[in-house]
Amino acid sequence: MNKIRDIGKYIDTVKMHGDFFKKYYFHSLIDFNLTKLDSILHHGILSKNLIQQKCLVSLYTHDVRDFDSKNGNTYVSLTQYTDNCEFSTMFESFPLHTLTCLSLLVNKSINVERQGERETFFDDELFCLNSVPNSKLEGIILPEHLSTLLISEVNCLPNDLSCYTKSYLNHWIKCMQSYFNTVLPHEVIEEIKLSNEQLWDILEEYENPDRWVESAIRTQRNQYGKDLKDVLANILQNLWSEKFDISNPTYIDVLMRVNDDQLPVYEIKHKSLKRII
């Protein structure tokens, strides 16, 4: 369930199609949750303040001080590809996110800044004030290794500590129940609670738990057979299956139905770039 960061097989593809990648800014869904894509297609990419003002159900609730790239209170985080890209997942958001996640292609006619509410942690990160209108979205792109995974196999939380608190998970449950117009059974809620307690028992043994979430997740899976991400991903598998009446839906199955031909979809393959629709 760990986020796949083996980007090596996609580097030649990006370089071969450099003109395509340089045409756009990119905004990645680093938690892979396609309910967020649905919201973006209808409302655009919104800052946290705008989401709250519009009273929208959203998982964009992260603190702007969190390390990983996320929307801030008043800015939307974007990335770009340039000839200077070194494909460093430590210092560049393009390889770290665009080559591992689902991303939106954003028209470059929008105004961007080098800094948002905080200093950028990535050399190629940019910020757009308030929102990116859906009229500026020109496509969806994802790497081929993500396309064929079952929803239950897809990582559904970023690896930072703010996403493993009780308040965040309660918010996650509220958002999913609202979006899918359902009430999760009591035993499902209890499973989430138990799995989160298991994870925190592991994290509390670490001297600096906010830096070792990924390690704790692996430990939890080894000790208990599944980790918190597995629990949430299995819930999403069932919810999407019921919503679209699909047995064992893959990520691309759900993506296509959420997108409903609104935007072109591209797949980054090993040494090729393919337009799916």
Side-chain angles (χ1 to χ4, degrees), residues 1-6 10 26-43 45 56-60 97-105 134 137 139-159 163 168-169 171-185 187-189 191-192 195 217 221 225-270 273-277:
M1 186 63 68
N2 293 324
K3 184 172 180 178
I4 301 170
R5 294 183 176 175
D6 180 13
Y10 302 126
F26 301 89
H27 177 83
S28 301
L29 305 189
I30 63 173
D31 61 2
F32 298 87
N33 197 325
L34 292 169
T35 65
K36 191 179 296 182
L37 174 64
D38 198 351
S39 178
I40 288 172
L41 292 176
H42 286 89
H43 304 286
I45 310 171
L56 298 175
V57 173
S58 173
L59 290 175
Y60 281 126
H97 298 314
T98 310
L99 299 186
T100 61
C101 306
L102 177 147
S103 300
L104 280 299
L105 306 178
N134 52 12
L137 303 178
I140 298 168
I141 192 165
L142 73 165
E144 66 177 344
H145 69 255
L146 179 58
S147 299
T148 56
L149 292 179
L150 296 174
I151 292 293
S152 59
E153 297 173 321
V154 176
N155 180 352
C156 59
L157 286 180
N159 284 325
C163 297
Y168 182 86
L169 290 174
H171 181 70
W172 188 93
I173 292 168
K174 179 181 177 181
C175 288
M176 294 306 100
Q177 291 186 145
S178 176
Y179 178 82
F180 290 100
N181 192 28
T182 191
V183 176
L184 294 178
E187 58 269 23
V188 172
I189 303 295
E191 184 181 20
I192 295 174
S195 185
I217 285 287
R221 175 178 278 194
K226 57 184 174 182
D227 57 48
L228 180 58
K229 293 182 182 183
D230 293 327
V231 171
L232 300 182
N234 282 326
I235 293 169
L236 286 173
Q237 176 88 16
N238 293 330
L239 290 172
W240 285 119
S241 180
E242 292 175 5
K243 181 176 178 64
F244 292 124
D245 193 23
I246 312 172
S247 178
N248 296 319
T250 63
Y251 196 76
I252 198 69
D253 288 335
V254 176
L255 165 61
M256 290 302 195
R257 284 161 176 79
V258 170
N259 181 47
D260 195 25
D261 294 337
Q262 295 181 63
L263 293 175
V265 177
Y266 301 88
E267 187 178 43
I268 308 172
K269 301 178 75 67
H270 182 46
L273 179 68
K274 178 182 178 182
R275 178 169 173 172
I276 301 175
I277 61 168

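Numbering of residues begins at 1 and proceeds along the displayed sequence. Values below: all heavy atoms of this structure, side chains included; hydrogens, waters and symmetry mates excluded.
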Main-chain N/O of D227 paired to D230 side chain as donor or acceptor, under 3.5 Å: yes

Rounded at 0.5 Å granularity, tell me how far CD in E267 sits from CG in L255. 10.0 Å

Test I173 against V188 for side-chain contact (heavy atoms from CB on, under 4.5 Å), laying out the working first. CA-CA 10 Å; I173 292 168; V188 172; over 6 Å; no

Please walk me through it: do Y10 and H145 pass side-chain contact (heavy atoms from CB on, under 4.5 Å)? CA-CA 10 Å; Y10 302 126; H145 69 255; 2.8 Å; yes

Please examine the side chains of T250 and T148, heavy atoms only from C-beta on, and report whether any two atoms are closer than 4.5 Å. no

Side chain proximity check, I276 to I252, heavy atoms < 4.5 angstrom: yes

Flag, side chain of Q177 to backbone of K174, donor-acceptor distance under 3.5 Å: no

Any side-chain heavy atom of L142 within less than 4.5 Å of one from I268? no

With respect to S152, which candidate in V154, L150, L149 satisfies the side chain to side chain contact (heavy atoms under 4.5 Å, CB included) definition? L150

Side chains of R257 and I246, heavy atoms from C-beta outward: is any pair under 4.5 Å? yes

Rounding to 0.5 Å, atoms CG (L102) and CD1 (I141) come to a distance of 9.5 Å

Testing the basics here: between S103 and T98, what is the closest heavy-atom pair and its distance to 0.1 Å? OG-CA, 3.5 Å

Rounding to 0.5 Å, atoms CG (N155) and NZ (K229) come to a distance of 3.5 Å

Could you tell me which residues satisfy side chain to side chain contact (heavy atoms under 4.5 Å, CB included) with T182, sequence neighbours excluded, listed by chain and number? F180, L239

Looking at L263 and N259, what are the two nearest heavy atoms and their distance? O-ND2, 2.9 Å

When you compare the side chain of D253 with that of I151, does any pair of heavy atoms fall below 4.5 Å? no

Sub-4.5 Å side-chain heavy-atom contact between M176 and I235: no

C156 SG to L228 CG distance, which is reported to the nearest 0.5 Å: 7.5 Å

Using the rule given for side-chain contact (heavy atoms from CB on, under 4.5 Å), can you reason through C175 versus H171, listing the C-alpha separation, both sets of side-chain angles and the distance that settles it, and then say yes or no? CA-CA 6 Å; C175 288; H171 181 70; 3.3 Å; yes

What closest approach, in Å, do L146 and C101 show between heavy atoms, and which atom pair accounts for it? CD2-C, 4.0 Å

N248 versus Q237, closest heavy-atom pair with distance: CA-NE2, 3.1 Å

Interatomic distance, I40 atom CD1 to L37 atom CG [nearest 0.5 angstrom]: 6.5 Å

Please report the C-alpha distance between L105 and L137 in whole Å, then the side-chain angles of each, then the deciding distance to 0.1 Å, and finally whether the side-chain contact (heavy atoms from CB on, under 4.5 Å) criterion is met. CA-CA 6 Å; L105 306 178; L137 303 178; over 6 Å; no

Out of curiosity, K226 NZ to N234 CG, how far, rounded to the nearest 0.5 Å? 6.5 Å

Take atom CG of D245 as the centre, draw a 6.0 Å sphere, and report whether it contains more than 12 heavy atoms from other residues, nucleotides or ligands. no

Is the shortest side-chain heavy-atom distance between Q262 and I140 below 4.5 Å? no

F32 and T100 have their tightest heavy-atom pair at CE2-O, 3.3 Å

Is there a ring pair (Phe, Tyr, Trp, His ring centres under 6.0 Å) between W240 and Y179? Walk through the geometry before answering. CA-CA 11 Å; W240 285 119; Y179 178 82; 5.6 Å; yes

For E144, is there an ion pair with K269 - N to carboxylate O distance below 4.0 angstrom? yes

Hey, does the side chain of D31 reach the backbone of P158 with a donor-acceptor pair shorter than 3.5 angstrom? no

Side chain N134, main chain H42, donor-acceptor under 3.5 Å: yes

